[in-house]
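See structure below.
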Amino acid sequence: MAKAKTPSFIIDVELKGRNRDFLMIESELEVNRVIYNTSLGEYLKREKQMKRTKRYKKLVRITRAIKSHLAKNSNKEKMKYYQNEQKNLSEEFKKLREEFGLTEYSMHEYIKEVRNHFNGKTNSIIAQKTATRAWNTIKKKLFGKAKKVVFVKRGEMDSFEGKNNNTGWRFKEGKVISNDRVFALNVKEKDMYLKEAFHLLNSKQTFQYKNKDGENVTDYYRVKYVRILKRIVRGIVRYYAQLVCSGYPPVKRDRKTGQVKYPFGKGPVGIDIGTSSIAVSGTTRVLLKNLAENLKKVNHVQREIRLYNRKLDRSKRATNPLNFDEAGRVRKGKKRWEFSKNYKKLKAQLKELYRKLALYRKFSHQYEANRMVMLGDTFYIEEMNFKALQKRTKKTEVSEKTGKYKKKKRFGKTISRRSPAAFVSILSKKVIALGGTFIKVKTSSFKASQYDHKADKCKKKELKERWHIFNDGTKVQRDLYSAFLLMNSDLLGLKSDRISCLNTFEQFLKYHKEEINKIENENEVILNSGIKLKLKKTEECAA
């Protein structure tokens with residue numbers, strides 16, 4: 001039976017120790033790399049054997065036939081029949097995978113010999129967790145979420161972890177211990193957050209949470225397990241311990257006063273999130289912001305990344321001219337690539353830039369999330385499949401204007417830069433930790449972008465229509481209006497409560513006007529908002 005999941009948070013602290021001890025971490029990372037690659041290779045062999053069988057091929061043919069029947073039929077009885085057949089097929093596939101050892105726990109037995117080959121250099125629990133990591137990788141390939149798997153190269157394994165805090169790497173009395181190795185934690189004196197987190201762990205304070213059945217369960221703060229992490233920061237290798245703790249993260253407080261820095265608000269809040277911007281509507285104000293842009297460093301790093309990628313491309317083409325055709329495209333077939341010392345140096349610098357970008361983006365998301373929890377305690381947000389928006393479209397379309405093929409690119413780069421899913425994850429964790437409610441409503445049934453609360457009907461809009469115009473001529477920004485409708489959702493989050501919308505609309509219009517005026521006065525460019533700015537002409541432009 002699976003263990004009950006408790007709320008968790010992570011304490012990330014740098015390790016302090018001797019160089020000899022850090023070399024032993026490197027050695028253990030290498031052992032785990034071999035275990036991971038061996039497990040992955042064994043899984044691939046088993047998958048290949050399974051796919052050769054007549055039984056597997058027959059199940060695949062039946063699956064394709066059922067999918068085509070489901071796509072064509074509209075009869076409810078037949079649909080139910082085929083859906084039940086699909087469930088039966090999934091059970092058959094599961095049994096087949098179990099027969100060929102394509103399960104998580106089958107690999108735990110297999111890696112015992114691999115671990116013995118290294119004289120038990122890594123703990124058995126850690127080795128099992130590494131094998132589970134390989135299973136999570138191959139599982140994506142088995143269920144069609146990935147086309148292939150990638151093995152970890154020498155020196156590129158960056159983490160390993162245990163299952164509990166009893167054996168192997170563990171946290172004890174403010175230190176991280178493994179056999180005879182003891183690592184102190186680099187905790188700064190002014191870091192109030194870490195001090196409060198360690199106080200909760202040492203005092204074993206209790207907390208309450210709701211389980212899957214909706215029952216209140218009492219537990220206490222403790223370290224579940226320790227993860228060892230290797231990072232390269234500004235060209236220097238550093239080692240960190242991530243303590244995965246049960247409970248809710250401590251609330252951030254002001255250093256001088258000790259009061260809560262971001263007090264939790266009251267009331268409903270609606271959020272309409274896009275690939276690059278976010279609209280928020282609360283009972284006290286509305287917000288329309290670009291994601292990951294409150295820090296100017298984000299844009300600066302993104303520009304540097306573009307320049308470095310161009311440098312790398314020029315260097316690669318200069319050292320491998322035979323691998324490209326006359327049009328500059330990579331030739332088909334097997335090729336040998338040569339990279340200069342300068343190329344390797346630039347690649348290391350690019351890796352550092354990506355690390356900085358991820359850090360700045362995370363800080364930006366946390367800053368915005370802290371501002372938003374002050375607006376209310378019940379959050380409504382539409383479900384968005386950002387992973388699907390990253391992929392290229394499958395349809396091949398021809399433009400009516402130009403007669404040329406349309407580009408298949410969608411929102412891959414934008415999502416990579418803005419990370420909207422990461423923001424939703426950060427905000428939801430903060431809201432739940434503070435005792436609030438975070439509700440994801442279904443986009444298809446709620447129809448926040450189509451509903452008109454005054455006319456009480458839905459009307460489809462094109463993506464280019466960025467303003468919602470009512471019958472009386474009132475004009476509101478589309479994303480902010482969607483957030484307003486989400487704010488006035490019913491208790492189940494199925495649709496907007498029209499009476500609530502009518503009662504709060506005048507107040508929303510006031511906040512809407514203030515936010516639009518603020519954006520126009522500050523000349524703040526909000527992506528895909530439809531707000532036209534009157535950019536001030538500089539003296540140089542005028543001259």
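These numbers were taken from a predicted model, which means no experiment stands behind them.
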[Y] and [X] side chains, donor-acceptor separation under 3.5 Å:
X      : Y      : value
Tyr239 : Glu14  : no
Glu113 : His117 : no
Glu338 : Thr319 : no
Thr6   : Lys224 : yes
Tyr36  : Thr137 : yes
Glu104 : Thr132 : yes
Thr393 : Arg410 : no
Ser277 : Lys289 : no
Gln450 : Lys461 : no

Taking all non-hydrogen atoms of both residues into account, name the closest pair between [X] and [Y] and its distance.
X      : Y      : value
Leu288 : Ser529 : CD2-CB, 4.2 Å
Leu15  : Phe22  : O-CZ, 3.8 Å
Lys129 : Gly162 : NZ-O, 3.2 Å

Could you check whether the rings of [X] and [Y] sit parallel, tilted or perpendicular, using 30° and 60° as the cut-offs?
X      : Y      : answer
Phe379 : Phe438 : parallel
Phe339 : Tyr343 : parallel
Tyr82  : His69  : parallel

[X] atom [atom1], neighbour heavy-atom count above 12 within 6.0 Å:
X      : atom1 : answer
Tyr81  : OH    : no
Lys121 : NZ    : no
Glu77  : CD    : no
Lys230 : NZ    : yes

**Request:** Supply the atom-to-atom distance Lys345 NZ to Leu350 CG, rounded to the nearest 0.5 angstrom.
**Result:**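 Lys345 NZ to Leu350 CG: 14.5 Å, rounded to 0.5 Å.
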**Prompt:** How many angstroms lie between CD1 in Ile35 and CD1 in Ile111, if you round to the nearest 0.5 Å?
**Reply:**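 Reported to 0.5 Å precision, the distance equals 5.5 Å.
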**Asked** Centres of the Tyr110 and Trp135 rings: under 6.0 Å?
**Response**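 Aromatic pair excluded; centres sit 6.0 Å or further apart.
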**Message:** Is the positively charged end of Lys48 above the ring of Phe100, judged by distance under 6.0 angstrom from the centroid and angle within 45° of the axis?
**Reply:**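 Output no; distance or angle outside limits.
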**Request:** Output, in order, the C-alpha distance, side-chain angles, deciding distance and verdict of side chain to side chain contact (heavy atoms under 4.5 Å, CB included) for Glu382 and Ile273.
**Result:** CA-CA 8 Å; Glu382 282 186 322; Ile273 190 163; over 6 Å; no
**Message:** Pair Trp169, Phe183 - check ring pair (Phe, Tyr, Trp, His ring centres under 6.0 Å), show working.
**Reply:** CA-CA 10 Å; Trp169 288 82; Phe183 294 88; 5.6 Å; yes
